[in-house]
Amino acid sequence: MNYPLIYERSRKGRRGLRLVKAVPKAEDLIPKGFLREAPPRLPEVDELTLVRHYTGLSRRQVGVDTTFYPLGSCTMKYNPKLHEEAARLFAHLHPYQDPATVQGALRLMWELGEYLKALTGMEAITLEPAAGAHGELTGILIIRAYHEDRGEGRTRRVVLVPDSAHGSNPATASMAGYQVKEVPSGPDGEVDLEALKRELSPYVAAIMLTNPNTLGLFERRILEISRLAKEAGVQLYYDGANLNAIVGWARPGDMGFDVVHLNLHKTFTVPHGGGGPGSGPVGVKAHLAPYLPVPTVERGAEGFYLSFDRPKSIGRVRSFHGNFLALVRAWAYIRTLGLPGLKKAAALSVLNARYLKELLKERGYRVPYDGPTMHEFVAQPPQGFRALDIAKGLLELGFHPPTVYFPLIVKEALMVEPTETESKETLEAFAEAMGELLAKPKEWLENAPYTTPVRRLDELRANKTPKLTYFDEA
Amino acid sequence: MNYPLIYERSRKGRRGLRLVKAVPKAEDLIPKGFLREAPPRLPEVDELTLVRHYTGLSRRQVGVDTTFYPLGSCTMKYNPKLHEEAARLFAHLHPYQDPATVQGALRLMWELGEYLKALTGMEAITLEPAAGAHGELTGILIIRAYHEDRGEGRTRRVVLVPDSAHGSNPATASMAGYQVKEVPSGPDGEVDLEALKRELSPYVAAIMLTNPNTLGLFERRILEISRLAKEAGVQLYYDGANLNAIVGWARPGDMGFDVVHLNLHKTFTVPHGGGGPGSGPVGVKAHLAPYLPVPTVERGAEGFYLSFDRPKSIGRVRSFHGNFLALVRAWAYIRTLGLPGLKKAAALSVLNARYLKELLKERGYRVPYDGPTMHEFVAQPPQGFRALDIAKGLLELGFHPPTVYFPLIVKEALMVEPTETESKETLEAFAEAMGELLAKPKEWLENAPYTTPVRRLDELRANKTPKLTYFDEA
Amino acid sequence: MDYTPHTEEEIQAMLEKVGVETLEDLYAHLPEEILNPPIHLPDPMPEWAVLEELSRLAGENLPARKAFLGGGARFHHVPPVVQALGSRGEFLTAYTPYQPEVSQGVLQATFEYQTMMAELTGLEVSNASMYDGSTALAEGVLLVLRETGRMGVLVSQGVHPEYREVLKTYLEAVGASLGTIPLEGGRTPLVEVPEEVGAVVAQNPNFLGALEDLAPLAEAAHRAGALFVAVVDPLSLALLKPPGAYGADIAVGDGQVLGLPLGFGGPHFGFLVTKKAFVRQLPGRLVSETVDVEGKRGFILTLQAREQYIRRAKAKSNITTNAQLTALMGAMYLAALGPEGLKEVALKGVYMAHRLQELLLTLPGVEAFTPKPFFQEFALRLPKDPLEVRRALARRGFHGATPVPREYGENLALFAATELHEEEDLLAFREALKEVL
Amino acid sequence: MDYTPHTEEEIQAMLEKVGVETLEDLYAHLPEEILNPPIHLPDPMPEWAVLEELSRLAGENLPARKAFLGGGARFHHVPPVVQALGSRGEFLTAYTPYQPEVSQGVLQATFEYQTMMAELTGLEVSNASMYDGSTALAEGVLLVLRETGRMGVLVSQGVHPEYREVLKTYLEAVGASLGTIPLEGGRTPLVEVPEEVGAVVAQNPNFLGALEDLAPLAEAAHRAGALFVAVVDPLSLALLKPPGAYGADIAVGDGQVLGLPLGFGGPHFGFLVTKKAFVRQLPGRLVSETVDVEGKRGFILTLQAREQYIRRAKAKSNITTNAQLTALMGAMYLAALGPEGLKEVALKGVYMAHRLQELLLTLPGVEAFTPKPFFQEFALRLPKDPLEVRRALARRGFHGATPVPREYGENLALFAATELHEEEDLLAFREALKEVL
C-alpha cells in the first residue's frame, strides 16, 4: 500500500492551525489587482493528521539515531541532543537587533572563530558560509581576489584538483570562473608529486586538496607540496570534509595551507538534517584576511560587533550572519570536548576505520590503496560483485551502506567512514553482515532489499519522465 | 531476531554521560559500613547506543501520534505539541521555593481550579491527586470524612456502584474501607432505578456513577437519582472518565453530584505517556469543602499561596502540590478552546461515535444497548467471532483496537471511543477494516497479527513463570 | 482552534447519517434543566497568545537553577538526551500497553526499568511505577498489612513528613494505626516492635539527610513478625548499601533525583520494589518477559489478576494510571549514566554538601543539626525564622533554606548541594546567607 | 565527555588488530614538524556546565519576541507542532537521501515541499532548497545566464540590498555585469531592457515593503529576450498574485517567514522555483516520484547529472548540503496552516502593518516613505538617526526601526507588524517611539 501524500490526506475546507481570531478582509487592504485569483493548492489538514503524517514519514526514514551510517567523507557521527537544547536558547534573536542586545550571540561567534582558528592554524575567519561547498566558493573567491589584487588575476586562470577530489571542488572552481585541471594520484593513492610539478605554473591560481584525501590517506608529502605551491605563487586550499581524522593532531595551517573551509556538520556534530542546513566557516592566513567576506565579528572597546570595514572584501556571500544556530552547536561541541576530547575523538575515528578495514579484508573485501588509512578507507567487493548490490544487501540487513562509486579512481568503490562514535561491536556486526552478503545467492543480492518501506526504485523512469510535484502530469 | 535489551547492549566499563570532572573518593566522605559492596548492575552504554536503543523502542510502539486508537473510556484524543513547549516553561521550579518566587505557577493553578469548577459546577477543588483513581480515593475519603463528621461514619459502610462501572470504582471503595454493592443496569443500559431504590438506605455512604456511563449512555434519570440520594443522605460521586462527552453542555454539579474527579489526561489532553503520569483533580460542593486534602491554592491580599488551614481535611494525598506540569497542559487546552471550543469538541466526540456506530452496524456488528449513545458505544462482533480476534486482526490492519471485554455486562464487548480529533475518513477506514475482518478466514483471524514487531504472546507463561527482570531466573 | 478536523459539510453529512439535524440535537435527551448551563471562561486564544500568556506567568517565577533547596526534591542536571528520547511522540501518546504486539516499546522499556530498580534497591521485583514517593510508601505499607494480616504501622520520624501525612491518610482509610519513632540525635533509634505491628518504616538517608544504619531496626521488625519498609533516595543507591542488603522487605521512593525536571513538584515517579514472595500482593502494573507464537522474545503485562480492571473490589489497589513515562525517563537516566556515572553524581553531591555545611557553619549563630555523614542535604539551626531567611535569600536571587517542620525543632532549615554546584557557587551562597542572617 | 564508546580494553584489542601500539602511532606517518601543535582551547566541561555557560550567553541577549523589526526577516509564530515534528531524530540525523529505500521519509516530504513551493509561486519546478534567499537569487540568476547565454543582469533597487550584494559576489565570479534600476517613489519603474541583459530581477513586496505590479517589467524583459526573476516573500503569496502569473520565469526567496525561528539570521532556507523548460539547468537536488520493482510508489533523487558529485566541473552549481530540514519545516508549516490559515496570517500582518504606519505617522517629524499598499513592513523617515532610535527603543525593551541603507535616502527605517501584534502592542510601541524621538 502506498504511504499517502499529505495532499491525499487533504480535505477541502479542513483547518489546522488557526493563528488569527478576527480576520480582516483582503479587499479593504490591498487593491484587487495585486491579489491572486485562486488560492495556492496547499494541503488542508487538521493538526493530528499533520502529526501522523510526518511521524509516519519519519518512521520510513533512517538516520544516525537509528542505524550505523558509515558514509565516506560525510562523517556521520552522533549529534548530541544537548545541542538541540542549546540552539533553542538562541531561537528568538532578529538579525537586525541593536548589537547591544545580542552581545551573547556575538561573543559566541567570536569565541567559536577563535577556537576554529586555533584548531586549523589560521589567522582570520568568516563564519558566514552556509555549507561546505559555500565555504569552498568563498575560499576560492578570496584566492581570486588576492591574485587580482596582486595583478595576477588575468594570468592565473587554472585550479588544480586531484582526481580523487570531491565533486564539489571542480564544481566550485568552475563557479568561480576558473578552468579546472585534474592531477592524477600516484600508485600509493597520494597526489603524484611529479605530475603536480608539471602542472604548477604562473597560470595556476590554486590547488585544492583534501587531507587526508578521499582514499583516507594522509598526503605525506604535503610540506613539499606547499613549498612548491608557495614558490609558484599558488594558493593552497584545504577542503575540510575530512578534518575529523586529524583535528587537534595536525593543522592545515601548519601544513602550509592558505585557506581552509570547515564542515561544522561533519567534524563538529551539527546534524545533517537529511542534507542540510550545515555551516562552512572559512579560515585564512593573514595575507588573505583583507579579502574575507563581510561582515566579520570583531571585538571592540564597547563589546562585540559586526564589522563591514574590509575594503578589499570579496563582498557578501550570504544574507545576515551565517547559519548561527549551527554555530551554537559547534561551540557546544568544542567546549564539551576541549582539546583532549577532540584529539581522542579524532584518534578513535582513525582506529575505528583501521579496525573495520582489517575486518573487511578478512572477509574478502579488497582495499586497493591499502596504505596507512585514517578515518576512512575505500574497499572493493571481490570480483563479480557490484558495489550497488552490496549496498542494497546491507539495507536488507539493517545497515546504511557506505558511499558507493566514489572516489572515481576506484572501481566499484565502497568508501567507508565509521566515525569515532560507533562501538567495536557495531563495527563487528557490520563486518559480519558484509561477509554474509558475499555468501548470498547472486539473485538474492541483485534483488535486495526486500523488507524496506519500498524496494529498488525505477531511477530511469524518474530521469526520463520526472514527476516533480503532486500536480505534475509527469 | 530479538530486539536487544539495553543490558544486552551493555559493555563492561563503557561510559555514557559524565557529569562530574573531578570525582571525590567515597571513602573520604562516608564510612565504609554505609557503602554498598558491589555496584548496581546498571547498563553501561555510550550516548549514541542509548539514543539508538530508545529510538528503536519507540519505533516498536504505537501512539495517538501514529495510529487511530479508539479505546473506550480512555479518550485517546490528540495531545497538542504546544503543551509540551508550555510545560518546559515551568520545568525548573522547586516545590519548596519561596511562594513569592512562584506566583506565576500558583496563579496558573488557581485559575485552572476556577475553570474546572466552572465546567463541573463545583464549589471547591483540589488539584493534588495524581491520577483518576487517586482522585477517586480522595473523593471517597472526603465523603467518608463528611459522614464521620456528622456522626454517621459507623453506619454508612456501603458504596453502591453500577455493574457497568470502571473497575477502579469498586477498588477505590475497598481501599477507603467500604463494602461495595453492585447495582444492576436496566434493560436500557442505564441504572435500574427500582434496584437502586431498594439499595438506598442509612447504611449507604455514596453512589459512584459515570455519566455518560461505560455503555456511552447518559443516565437520563440522573436528577431523580440525585434527589433520591439526597433524601437518603447519600453522597453522589461522579467519575469523570467520560466527561469529554458533555463538557460545557452539562455539569455534574447541576445534575446533583457532590463530588467529581476529572482525568486531565482524558478530557483535557494531557498525554497518556504509555500509562501515566496523569492528573485527577477533585471538585466538591460547598458542604464537602472542609474535607479537601491540603494544601489548596488560595488567593490572598499578598498574592497566591498554598493553604494548609483546613482543620477537617482528610490530610495529604500526595507529596508537594500535585502533577503540576500536567496542570499547565490542561490550562493551555482550556485557554485555547474556551467554552465554544470545548462544547464543539464534546459535540463532535459524540457525533464521531454515533457515526461510527452506524457504520459498524451496517457492517454486521451488534450494539446491544443501542440507545442515544454519546462519546462511546459498546459493540459486539457477530455470533461466532471473538472480540479478541477482532482486536488482533485490527492490529494487522494498522489500527489500534477498541477496549475489549469491558464493560463486563456485555459479552465479547468492543468498547469504542473515537474522540473528536479523528476525521470522518479515519472512522470510515476503521469501519472498513472492521468489516473486512468479518470476511477473513477464521484461521487468519485466530492467528493475527502477522507483521507486528511481535505476534501473539504467551500470556499464560508470563503468568505461571513470570520473568520480571533481566537477572530474574523466571 | 479546537483540534477537530470536521468541515461544515462533513458535520452535515454525519448528522444526517445518525439521524439528527444539529449538534445540539445530540444532547436533546438530557434533562432540560441542566442543559447549556452558564459557564464563564476566558475567550479562546490562538496558540501564540496562549504561549505568550504562559510566558508571562512563567516570568512571574524565579526559576531556581542553582538552588540549595532540599526536602525530598533537589536540583540535578536534567539531561537533554533523556528529555529528547522521552518526548518521542510514540512514548508520549501511547496508552497502557494492553495490546503488546504494538506496544513493545513501552513494555520492554518498563521491563528494563523494573530490572534497574531491582538492582538499585537490592530487591527482586519492581512494579512499573507509582504516582510519587509518598503514595509508593502508602501502597507499600498496605501491601505489608495485606501480607502480614496486621493493622499496626510504626514509622520513623526520619521519614519525609509529607510522606508520613500521606501514609496517615491511606491508613486511616483502612482503619490501621500509625505510631511514630521519634528521632534521637537526628537518627532513628532502635526500638521494640510490638506484636500488632505489621510494618516498620524508616528512611535512609532520612529527611534530615543523615545516613542511617537500619539493619538493627529491620532485624527487630523481623523478630516481631513484621516486615521492614525502607524509603530511599535512588541516587544514593549508587553509593550506599541497598535496602535489600540491610533487611528491607520493601523499598520505596521518589524518582525526581534521577534527572527529572522538578516541575514545581511533579510529575516525578514513585517506585515500589519488593521480594518475589510478595509479588501477588503488589499493586500496579508488572511486565514479564515471554515469547510469541513464533518463539520470539516479547514483553507483556502480567499477573493482572491483582489489578482493579480485572479484580475490581478485590484488587490490590485502585491504581491504574501510574507514572509510566517519567519512570521510563528515570530508567533512561540510569542507562545514560551507568553505574560509574551515577556514582560520580552521587559522590560529587555528597562532597559538595559536606563542604557547604562546613562553609555555612562559619556563619555566626548557625549550628549543625544533621549528624555526619549525610547524603546531599543537611539541616542547620538558624538564628532566624527559616521562612524569612528563604525569602531574603530569594530577594538576592538565591534559593535555599527549606523550612523544616517544627516537630524536628525550632528554626531548622534544609540545605542541599548536588553535582551542579562548584566551590564558587557555595561561596557566593554563603555570602548571601551571611547578609540575610 | 567525548561521545566515544570505547573502553580501554577495547582500544587495546583494536590497536593490536591494526598492528600499532598506541593511538599516537596512528599519526606516526605524518610529518613530525606538524604533529601535535600547541593549541589553546578552554578545558572540557560536563554538559550541565556547557548549558549553564550558554544560558549565560543567551542571557546577554534581549530576545525580541514582539519585535517590530523588518528587513527580510520578521517575527512570526514558530508553531511547536512544526518544531516537534522537525526535530524527530530520523529527520535530524539523516544524510542526503542517496539510498531511497530507507529514506522515503525525507524524499516524500521533499516531494511535497516541491509541490507546495510550485503552488505558492505559480511555477512548475522547485528544487529541494537553497541556503537562503540571497544565494537562491544568485543561483537563479546564474541559471538564467546559462539558459540565455547572456552575461548582463539588471536588478531593481527594490531587491533586498544584502541579496544584491551576494548577487554581485556571485556574478563577479563568472564575469557577468550587474546594473541597477533605481526605485522611483518607492517602486520599480518600467525600463528598457538592453539586449545584452539575460536576467531582469525585481522583488515583490520590495525591500521597502511596497507591493509592485511587475507584469510590465517582466514583459519588457521577455521582449528583449531576457528572463524575469522575481524575489518573493512566500507568506505574501497566500494573498498576492503569484510570480508565475505576472510573467516570472524564476521565483526565489527566503523561508524564514514560514514559521522558522529567526535564530539571529539562520539557518532558514532559500527556495528556487522555475518552469519545467529550465529544469535541466536547475542547481541542487530534485525529487521525483517513481515506482519500485513491485510497482509501489516511491520517491527518488532525479536528474542528478546536473549535480557536482556526478558532473564535477560541469555541474550546474557546486551546491551539495542545502537547507533540507528547515525547508521541510517550512513545508510542515504550510501544511499546518493550509491555504486559509496562511491567508489569515498574511492578512492580519498586512492589517496591523497599515495600522502601525497610521499610528506612527501621528508622531512629530515622522514621514511616510513606502507607498501604500505594502505588505507587512514599511519604511518611515525619522527625524533622527535610526541607529540611535533602534538603540533607544531597545533600552525601553522594544525592538524596532531596522536602519535602511543610505542608498534609499536619509534616516529611513523599516517597521514591521505580523500576526503576533495586537492593537495594544502597537500603541505601546508608539509610546516608546514617541519618547525616543
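Every chain is numbered from 1, with letters handed out A, B, ... down the list of sequences.
Between chain A and the residues D/Ile319, D/Thr4, D/Leu30, the most heavy-atom pairs under 4.5 angstrom are made by D/Leu30. Interface summary for chain A: among D/Tyr3, D/Phe264, D/Tyr351, the most heavy-atom pairs under 4.5 angstrom belong to D/Phe264. Contact tally against chain D (heavy-atom pairs below 4.5 Å) for A/Asn79, A/Leu82, A/Asp254: the top residue is A/Leu82. In terms of non-hydrogen atom pairs under 4.5 Å with chain A, the most contact-rich of D/Thr402, D/Thr320, D/Leu120 is D/Leu120.
Contacts of D/Glu33 with chain A are made by side-chain atoms alone, with heavy-atom separations under 4.5 Å and no backbone atom involved. For A/Asn352, the parts lying near chain D are the backbone and the side chain together; criterion is any non-hydrogen pair under 4.5 Å. Interface remark: A/Leu223 contributes side-chain atoms only to the contact with chain D (heavy atom separation under 4.5 Å). Contact of D/Ala73 with chain A is made through backbone and side chain together, with heavy-atom distances under 4.5 Å. Contacts of D/Leu325 with chain A are made by both backbone and side-chain atoms, with heavy-atom separations under 4.5 Å. With a threshold of 4.5 angstrom between heavy atoms, D/Val287 approaches chain A through N, CA, C or O but not through any side-chain atom. Using a 4.5 Å cut-off between heavy atoms, D/Ala238 touches chain A through its backbone atoms (N, CA, C, O) alone. Proximity to chain A involves both the backbone and the side chain of D/Asn322, based on heavy atoms less than 4.5 angstrom apart. Only the backbone of D/His40 comes within less than 4.5 Å of a heavy atom in chain A; its side chain stays farther off. Looking at D/Leu85, the atoms closer than 4.5 Å to chain A (heavy atoms on both sides) all sit in the side chain, from C-beta outward. Heavy atoms closer than 4.5 Å to chain A are found in both the backbone and the side chain of D/Phe299. Both the backbone and the side chain of D/Arg297 have a heavy atom closer than 4.5 Å to some heavy atom of chain A. Interface remark: D/Lys348 contributes backbone and side-chain atoms alike to the contact with chain A (heavy atom separation under 4.5 Å). Residue A/Arg220 touches chain D through both its backbone and its side chain, counting heavy-atom pairs closer than 4.5 Å. No part of D/Thr110 comes within reach of chain A, as not one of its non-hydrogen atoms sits under 4.5 angstrom from that chain. If you measure heavy-atom distances from D/Leu54 to chain A, the contacts under 4.5 Å come from both the backbone and the side chain. D/Ala315 touches chain A through its side chain: at least one heavy atom from C-beta onward sits under 4.5 Å away, while N, CA, C and O do not. The part of A/Ile334 that comes within reach of chain D is its side chain, from C-beta onward, which places non-hydrogen atoms under 4.5 angstrom from that chain.
Under the 4.0 Å criterion applied to side-chain N and carboxylate O atoms, A/Asp472 and A/Lys467 are not assigned as salt-bridge partners. A salt bridge is defined here as a Lys NZ or Arg NE, NH1 or NH2 lying under 4.0 Å from an Asp or Glu carboxylate O, and D/Glu101 with A/Lys392 meets this definition. Taking 4.0 Å as the cut-off between side-chain N and carboxylate O, D/Glu344 and A/Arg15 count as a salt-bridged pair.
For the residue pair D/Asp254/D/His160, the side-chain donor-acceptor check at 3.5 Å is not satisfied. D/Tyr163 and A/Arg316 form no side-chain donor-acceptor contact under 3.5 Å, judged by distance and modelled atom types alone. Between the side chains of D/Ser126 and D/Gln114, no donor N or O sits under 3.5 Å from an acceptor N or O.
For the atom pair CG (D/Leu342) and CG (D/Leu237), the distance works out to 9.0 Å, reported to the nearest 0.5 Å. The line from CE of A/Met175 to CG of D/Asn318 is 5.0 Å long, rounded to the nearest 0.5 Å. Rounding to the nearest 0.5 Å gives a distance of 12.0 Å between CD of D/Glu90 and OG of D/Ser103. Rounding to the nearest 0.5 Å gives a distance of 11.5 Å between CD of A/Glu420 and CG of A/Leu351.
Figure legend: A/Arg41 and A/Phe471 shown as a cation-pi pair, the cationic atom lying under 6.0 angstrom from the six-membered ring centre and within 45 degrees of its axis.
Scanning all heavy atoms of the two residues, the minimum distance from D/Leu26 to A/Met374 falls at O-CE, 4.0 Å.
In the displayed structure, A/Tyr3 atom OH is contacted under 6.0 Å by more than 12 heavy atoms of other residues, nucleotides or ligands.
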